[in-house]
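We name chains A, B, ... by the order of the sequence lines, and we start the count at 1 in each one.
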Amino acid sequence: MTEAFGDWDGSIADARRVQAELATRLRLRDDFPKPPRWLGGFDVGFEDEGATTRAAAVLLDAQTLEPIASELVRLPTSMPYVPGLLSFRELPALLQALRLLPHAPDLVFVDGHGIAHPRRLGIAAHFGVVTDLPTVGVAKKVLTGTSATALHDMRGAFTPLRDGREQIGWMLRSKPRCNPLVVSPGHRVSMASAAELVMRYTTTYRLPEPTRLADRLASRRDG
DNA sequence: GCGACAG
DNA sequence: ATCTTGTCGC
């Protein structure tokens with residue numbers, strides 16, 4: 001569990017070096033069971049004014065989208081939030097939650113960016129590289145990149161998110177009249193599949209079921 | 001130098 | 001992320 005950050009020396013500057021190095025191991029091609037049978041949803045929340053990090057992991061049946069197991073892990077927060085270095089703050093708790101699930105999912109959705117990141121290693125990509133599980137990043141806001149200013153207000157509409165000429169993700173209207181999601185592949189998932197997968201597992205809410213359920217647990221708004 | 005900046 | 005009730009619009 002300490003291998004998630006390689007030989008990181010603990011500094012902010014070195015964290016960026018580690019990210020660039022780990023991004024080298026990303027495989028952006030579909031490499032997961034089709035159709036997947038088990039989906040995983042991951043998200044993090046905080047309590048005690050941020051002193052405690054709370055990670056939620058949910059395992060769902062991909063066919064019914066019903067959760068079959070869920071885990072909650074609480075750890076003392078070890079690092080402040082620094083844009084671009086989110087995984088160094090939240091990944092440890094997420095990995096522990098993953099281990100508690102009855103078995104590993106074969107496709108994972110993480111709340112946050114995949115490769116739509118300055119060094120192409122958002123938390124979803126980082127999660128995928130260290131676990132070697134297929135991952136997709138589902139964020140609510142853009143961290144880096146630009147896209148068309150207008151997007152059809154129809155469920156399923158999408159437009160590329162680019163950094164220069166390179167496409168790093170998609171702006172996806174998962175639900176009418178709701179701000180679009182920022183979807184990007186993490187590991188072992190292609191750019192084209194990332195958006196399709198998110199839509200496939202989205203019902204009537206803005207967020208796809210895996211991430212929506214994990215969100216509810218991590219944010220204590222569960223019932 | 002001046003903004004922007006996942007959760 | 002988190003602190004928080006009502007309220008406008010579909």
Side-chain angles (χ1 to χ4, degrees), chain A residues 4 12-13 15-16 18-20 22-23 26 41-58 72-97 108-129 135-147 149 152-155 161-164 168-187 194-195 198 204-208 210-222:
Chain A
I12 298 299
R16 299 196 174 90
V18 172
Q19 291 184 319
L22 289 175
L26 288 174
F42 295 78
D43 188 30
V44 168
F46 297 87
E47 55 186 64
D48 300 331
E49 304 177 321
T52 300
T53 297
R54 189 177 47 232
V58 180
L72 209 46
V73 164
R74 307 167 75 170
L75 291 179
T77 302
S78 60
M79 209 185 113
Y81 166 67
V82 178
L85 300 182
L86 186 68
S87 60
F88 286 77
R89 172 178 163 87
E90 306 185 343
L91 196 54
L94 288 179
L95 294 179
Q96 275 201 29
V108 169
F109 292 81
V110 181
D111 189 305
H113 295 294
I115 64 169
H117 175 280
R119 289 166 294 285
R120 308 297 180 263
L121 198 82
I123 191 167
H126 197 156
F127 185 111
V129 168
T135 62
V136 176
V138 183
K140 306 175 195 68
K141 300 175 184 175
V142 170
L143 204 208
T144 190
T146 59
S147 64
T149 55
H152 292 194
D153 186 41
M154 180 185 159
R155 183 192 136 93
L161 172 66
R162 300 189 178 77
D163 187 350
I168 58 177
W170 302 98
M171 293 308 289
L172 174 66
R173 186 140 265 147
S174 55
K175 177 176 180 173
R177 299 183 184 186
C178 280
N179 293 321
L181 294 177
V182 187
V183 177
S184 60
H187 184 54
V198 169
T204 64
Y205 302 91
R206 177 161 87 123
L207 299 178
T211 282
R212 188 179 74 82
L213 296 177
D215 228 79
R216 295 179 51 167
L217 287 181
S219 298
R220 271 296 137 107
R221 309 182 287 84
D222 196 353

Quiz prompt | Nearest-angstrom distance from the residue atom CG of A/L181 to P of B/dA6 | solution = 15 Å
Quiz prompt | Closest to the A/P83 side chain, choosing from B/dG7, C/dC10, B/dC5 | solution = B/dC5
Quiz item: Which part of the nucleic acid, if any, lies within contact of A/F46, taking any heavy atom under 4.0 Å across all strands shown: a base, the sugar-phosphate backbone alone, or nothing?
Solution: sugar-phosphate
Quiz item: With sugar-phosphate meaning primed atoms plus P, OP1 and OP2, does A/L85 contact a base, only sugar-phosphate, or nothing at under 4.0 Å between heavy atoms?
Solution: base
Exercise. Ignoring backbone atoms, test whether A/R54 places a side-chain nitrogen or oxygen under 4.0 Å from the OP1 or OP2 oxygen of C/dT2.
Key: yes
Exercise. Would you indicate which nucleotide in C/dT2, B/dG7, B/dA6 comes nearest to any side-chain atom of A/S219?
Key: C/dT2
Quiz item: Which one, B/dA6, C/dC10, C/dA1, comes nearest to the side chain of A/H117?
Solution: B/dA6
Exercise. Round to the nearest Å and state the distance from A/R221 atom CZ to C/dA1 atom C1'.
Key: 12 Å
Quiz item: What does A/G84 touch in the nucleic acid at a heavy-atom separation under 4.0 angstrom: a base, only the sugar-phosphate, or nothing?
Solution: base
Practice problem: Under 4.0 Å between any heavy atoms, over every strand shown, what does A/G122 touch: base, sugar-phosphate, or nothing? Just pick one. | Solution: base
Quiz item: Rounded to the Å, how far apart are A/L86 CG and B/dG7 P?
Solution: 8 Å
Quiz item: Within this structure, what is the CZ-to-P distance between A/F127 and B/dA6, rounded to whole angstrom?
Solution: 21 Å
Practice problem: Whole angstrom is fine here: how far is it from CG in A/L91 over to C1' in B/dG7? | Solution: 13 Å
Exercise. Would you classify A/V142 as touching base, sugar-phosphate or nothing, given that sugar-phosphate means primed atoms plus P, OP1 and OP2, and contacts are heavy atoms under 4.0 Å?
Key: sugar-phosphate
Quiz item: Whole Å only: how far is the NZ atom of A/K140 from the P atom of C/dT2?
Solution: 10 Å
Quiz item: Is the aromatic ring of A/Y81 within stacking range of B/dG7, meaning centres under 5.5 angstrom and planes under 30 degrees?
Solution: yes
Quiz item: For A/D215 and C/dA1, what is the distance between atoms CG and C1' respectively, to the nearest whole Å?
Solution: 11 Å
Quiz item: Ignoring hydrogens and geometry, is there a side-chain-to-backbone donor-acceptor pair from A/S147 to A/L161 under 3.5 Å?
Solution: no
Quiz item: Got a second to check how far A/L75's CG is from A/Q96's CD, nearest 0.5 Å?
Solution: 4.5 Å
Quiz item: C/dT2 C1' sits how many Å from A/D48 CG, rounded?
Solution: 12 Å
Quiz item: Would you call A/D111 and A/K140 a salt bridge, taking side-chain N to carboxylate O under 4.0 Å as the test?
Solution: yes
Exercise. Considering only NZ, NE, NH1 and NH2 on the basic side and carboxylate oxygens on the acidic side, decide whether A/R206 and A/D215 come within less than 4.0 Å.
Key: no
Quiz item: How far does NE2 of A/H126 sit from CG of A/L26, to the nearest 0.5 angstrom?
Solution: 10.0 Å
